[in-house]
Amino acid sequence: MSAHYTKMKEIPKTYSAKDHEDRIYKMWEQSGAFAPDLDPKKKPYSIMMPPPNATGTLHLGHATMLAIEDILIRFKRMQGFSALYLPGTDHAAIATQSVVEKKLQNEGMQNPRQELGRKKLLEEIRKFVDESKSTIRNQIRKMGTSCDWSRERYTFSDEMNTAVNELFRMMYEDGLIYRGGRIVNWDTKMQTTVADDELEYVEEKAPFYYFKYGPVVIGTARPETKFGDKVIVVHPKDKRYKNLIGKEFDVEWIEGKIRAKVIADECIDMDLGTGAMTITPAHSLIDFELSQKYALESPQIIDFDGKIRPEWSKACGGMDILAARKKVVEILEKKGLVDRIDENYVHNVSVNYRGKGVVEPQIMKQWFVDVNKAVIDWKKKKRSIKEVLQDTVRSKMIRIIPDRFEKIYFHWIDNLRDWCISRQIWWGHRIPVWHCTKCSNSFFSPTTVQKCKHCKAPNISQDPDTLDTWFSSQLWTFSTLGWPEKTPDLLRFTPSSVLETGYDILFFWVARMILGSTYALRKTGFPEEKSIPFKDVYLHGLIRDIHGKKMSKSRPETCIDPLDMIEKYGTDAIRLSLVIGGTPGNDMRLYEEKIAGYRNFVNKIWNGARFVMSSAEPSIKKGEDKINLKKLSRADKWILTRLNEIIEKVTDQIEDYELSDAGLTVYDFFWGEYCDWYVEMSKVTKNPAVLKHVLKTSLQLMHPFMPFVTETIYGDLCPGTMLITEDWPKPNPKWNFPSESDEMGRIMDLVSGIRVLRAESDVDATKKIHAIIFAHEDIALVLDKAEIIKRLANLGTLEIFENGEKIGKALTTFVGDIEIYLPLADLIDFEAEKKRLHKEIDDLAKYIQSLDHKLKNKKFLNNAPKEIIENERIKFTEGLKRLKKLQEQLEQVSK
RNA sequence: GGGCAAUUAGCUCAGUUGGUUAGAGCGCACGAUUCACAUUCGUGAGGUCACUGGUUCGAAUCCAGUAUUGCCCACCA
């Protein structure tokens with residue numbers, strides 16, 4: 001028993017991820033490998049991690065994001081970049097406050113806001129965030145994320161608050177931020193406004209009512225908003241109503257007589273409903289815009305709790321929307337004003353995507369960011385936010401991957417309205433503006449003030465509202481680096497190299513970062529190309545279940561928890577299954593069998609390494625894997641040539657963000673070429689230096705994808721070094737042996753040929769049979785590799801000749817010119833073999849015929865490129881050769 | 001209503017600028033435990049590339065249209 005064998009027994013047969021991952025992660029973290037090397041000669045590469053909610057837990061979206069980002073950062077770090085991967089968490093304003101309020105309600109509180117007051121509720125939330133923050137941090141670590149924890153940031157830290165206030169000041173003084181009474185989306189449940197793109201629509205079937213309103217019939221799904229309607233709008237070209245336009249009259253309505261007038265506007269769709277509508281300016285966007293246009297009143301009908309204001313109706317005052325709707329219809333019915341009711345009307349109800357509270361349009365004083373005011377110095381002109389948003393992408397300063405999202409992005413900008421940034425919740429950055437009740441002026445101040453800036457009176461109070469969470473998120477890429485101070489980190493790492501996130505967040509966040517970054521950095525002296533937040537945007541798809549459906553908590557059987565999967569299969573396996581098979585911007589299906597499949601690959605690597613390290617000195621001593629060019633066998637030359645090709649291919653694929661392909665490239669190479677062939681050949685004759693070198697290089701190539709298993713093995717293979725900080729492999733120009741590679745290709749085909757013959761006959765698979773080869777030109781090659789052929793094809797004896805008489809009573813095949821015979825006389829079912837040959841000859845004949853047809857087609861010969869024609873000719877002659885051999889075989893068998 | 005994506009083997013997906021006798025993994029079938037690995041190895045069956053036209057010497061690939069599925073945006077008085 002050799003010493004190597006003893007060593008092998010010490011290594012477990014299967015790789016147990018759990019036994020290594022935490023230890024390896026700790027080693028990386030403590031070594032300082034996650035922090036960027038600040039050597040000024042190194043080029044910067046940076047990724048700002050999209051911050052998960054501080055109170056959240058890791059889900060598949062995070063896991064995908066972390067896997068992709070970590071692959072990129074590890075790759076760049078190994079390539080020698082000064083690679084910064086900055087982690088952080090988000091205070092997630094509305095989401096977090098609603099979670100804590102709900103929690104307090106479950107603990108018995110009726111209305112936490114009222115009962116606790118602002119200060120105490122904020123304390124509660126802060127406590128909750130502090131307690132739960134470590135959960136997500138540890139889960140990020142579990143994914144193997146190589147981010148620099150010493151630079152961790154939080155969107156609601158004091159530093160971040162300084163940055164938010166500074167941005168607010170700049171925008172406020174530029175007149176970009178203004179306060180105005182406008183129609184906003186009011187969430188009656190959370191008691192706050194929400195932005196336009198935070199709305200979600202739920203389809204609902206509701207009756208659609210037609211009411212007689214004076215001389216016209218109007219249609220509506222919302223009778224409860226109609227108390228104060230006194231303007232009828234029709235299309236100016238509508239013949240039905242032409243003579244009514246401009247007229248006034250009394251109409252009988254819900255609460256008695258109303259003086260109504262008729263106006264005309266182009267915005268009316270004549271084909272919709274009756275072509276006439278009354279307007280409710282306070283609770284509909286279009287109606288509001290009309291009321292602005294024609295200077296109409298806009299009285300509030302529904303209050304902020306979603307109830308009818310009492311002054312409108314004795315019967316309905318204080319009622320909920322649905323109850324009031326019923327009541328109004330009842331009243332109108334009694335008055336005989338209901339024309340008809342369509343019961344099958346389907347419309348969309350707006351809800352807040354956070355918490356799903358019903359959203360009502362309301363007119364309120366809110367803070368807005370003007371997207372049309374030209375204030376940014378951009379390419380020698382003052383430009384608006386909208387213009388800059390468009391230019392950064394149109395001019396390719398920012399590249400969106402996949403590029404089809406650029407169109408979606410432009411479309412979004414075209415429809416962009418001023419951004420409502422104030423929220424009526426407490427958990428968030430407070431609006432740094434003070435109002436004076438005496439002179440009714442407002443002014444900016446980030447700190448507490450005692451007196452009004454204008455009239456010096458002490459009657460001042462801070463604006464009660466907080467900022468939309470995306471207002472602070474828009475600063476993420478540069479406030480994390482110290483802005484507004486010009487820190488070395490900021491100067492070095494901005495713009496980020498790539499922003500990686502899900503496509504569902506393109507508008508919420510990606511667009512707003514472009515907005516915030518270009519504005520703030522241009523204002524503080526950065527040139528245009530340094531003011532963008534990132535150069536590339538990589539958008540990953542959503543993870544779905546095996547049927548392509550969204551994973552949903554209501555169907556737990558379809559849900560995959562990444563942490564469970566890590567526990568069961570290891571982090572490397574889950575990382576691979578989230579990356580392989582996915583392309584940017586496309587959703588991907590995930591199921592447990594897939595993860596198990598990649599776990600098998602992880603184990604394959606483990607065992608490949610186990611073999612190599614047990615069959616040679618287990619570790620590589622310094623310089624020992626230097627390859628001696630003079631001592632290379634054909635097999636060595638083949639695998640080294642392939643390795644060179646693989647290095648080049650994988651590098652290109654990762655550079656091009658083709659991560660799935662890159663992963664598959666190393667997978668196929670390691671398993672299908674290195675293990676299946678080279679390692680098997682090494683069991684006959686081995687070159688330990690090459691064996692180890694290819695293993696070592698493969699580990700380097702696979703490391704970004706599967707950091708744990710590769711680092712674990714590397715630790716044994718190259719003691720004293722850490723894979724995470726190793727150099728990314730480069731192809732070695734000396735290892736280019738195309739002719740030996742071709743030769744080995746023929747040897748492998750030959751082995752496969754024999755295997756096929758064996759499998760087709762009823763020969764016991766374990767039986768060591770005899771084979772005869774006529775190798776012709778390849779005689780030296782086949783003689784050289786005879787032992788390998790014997791072993792891989794499981795032959796007992798092998799005779800090799802340059803040439804010879806065709807052998808009867810044998811199974812035969814050929815590879816190129818090489819003839820192979822398995823003289824198994826009594827074991828062969830010659831009838832079956834004849835049948836097989838007939839079929840093969842028939843298929844081949846058809847194929848040759850089609851080629852012949854093609855090669856006789858003058859149009860083909862005139863139009864196709866030379867190489868293609870040449871190729872077809874080769875295929876044709878090869879086919880003929882093969883056909884001839886098959887026919888000879890058939891003759892032999894038939895004898 | 002507008003737009004985007006997908007449609008290839010039983011399942012999940014590849015298929016580079018048009019030129020392969022259309023591939024992989026899983027699953028299935030048959031066979032294999034001599035010392036890296038049964039989380040393994042070998043072999044195989046299985047496809048009118050959704051449909052209809054068109055462009056071309058040549059189409060899974062390009063164009064037009066249709067169908068199915070999913071998503072996004074807008075509107076819904």
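Proteins get letters first, then strands, A, B, ... in listed order; numbering begins at 1 in each. Here the structure is a predicted model, which is why all the values come from computation and not from measurement.
Looking at the side chain of Ala864(A), the nearest of the listed nucleotides U21(B), C37(B), G19(B) is G19(B). When each of U40(B), A36(B), U12(B) is scored by its nearest atom to the side-chain atoms of Asn600(A), the top-ranked nucleotide is U40(B). The side chain of Tyr591(A) lies closest to G25(B) when the candidates are U20(B), G25(B), C76(B). Here C4(B) is the nucleotide among U20(B), C76(B), C4(B) with the atom lying nearest to any side-chain atom of Arg404(A). For Ile546(A), the listed nucleotide lying nearest its side chain is U12(B); candidates were G19(B), A36(B), U12(B). Nearest to the side-chain atoms of Phe860(A) among the listed nucleotides C57(B), U40(B), C73(B) stands C57(B). Nearest nucleotide to the side chain of Arg791(A), out of C4(B), U34(B), C73(B): U34(B).
By the salt bridge (Lys or Arg N to Asp or Glu O under 4.0 Å) test, Arg222(A) is found to be paired with Glu224(A), Glu360(A), residues two or more places apart in sequence or in another chain being considered.
Heavy atoms of Asn857(A) sit under 4.0 angstrom from primed sugar atoms or phosphate atoms, though from no base atom. Nucleic acid contact for Thr274(A): none, since no nucleic acid atom lies under 4.0 Å from a heavy atom of the residue. No contact: Leu542(A) has no heavy atom under 4.0 Å from any strand. Residue contacts for Asp504(A): at a heavy-atom cut-off of 4.0 Å it reaches no nucleic acid atom on any strand shown.
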Under-3.5 Å N/O pairs linking protein and nucleotides 42-47 of chain B:
none

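With hydrogens and angles ignored, a donor-acceptor pair closer than 3.5 Å exists between the side chain of Lys683(A) and the base of A36(B). Side-chain to base pairing of Glu680(A) with A36(B): one donor and one acceptor N or O lie within less than 3.5 Å of each other. For C37(B), the base has no donor-acceptor partner in the side chain of Lys13(A) [N/O atoms by modelled type, under 3.5 angstrom]. Counting atom types as modelled, Arg599(A) pairs a side-chain N or O with a base atom of U39(B) as donor and acceptor under 3.5 Å.
Residue Asn863(A) places at least one side-chain N or O closer than 4.0 Å to OP1 or OP2 of C57(B).
Using the six-membered ring where Trp is involved, Tyr667(A) and Phe601(A) have ring planes that are tilted, between 30° and 60° apart.
In terms of heavy atoms, Glu406(A) sits closest to Ile400(A) at OE2-N, 3.5 Å.
Ion pairing of Asp265(A) with Lys293(A) is present here, as a side-chain N (NZ or NE/NH1/NH2) and a carboxylate O approach within less than 4.0 Å.
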- Message: Please convert RNA chain B into dot-bracket. A pair counts if it is Watson-Crick or G-U wobble with both distances under 3.5 Å; crossing pairs go in [ ] and bases paired with another strand get |.
- Response: (((((((..((((.....[...)))).(((((.......))))).....(((((..]....))))))))))))....
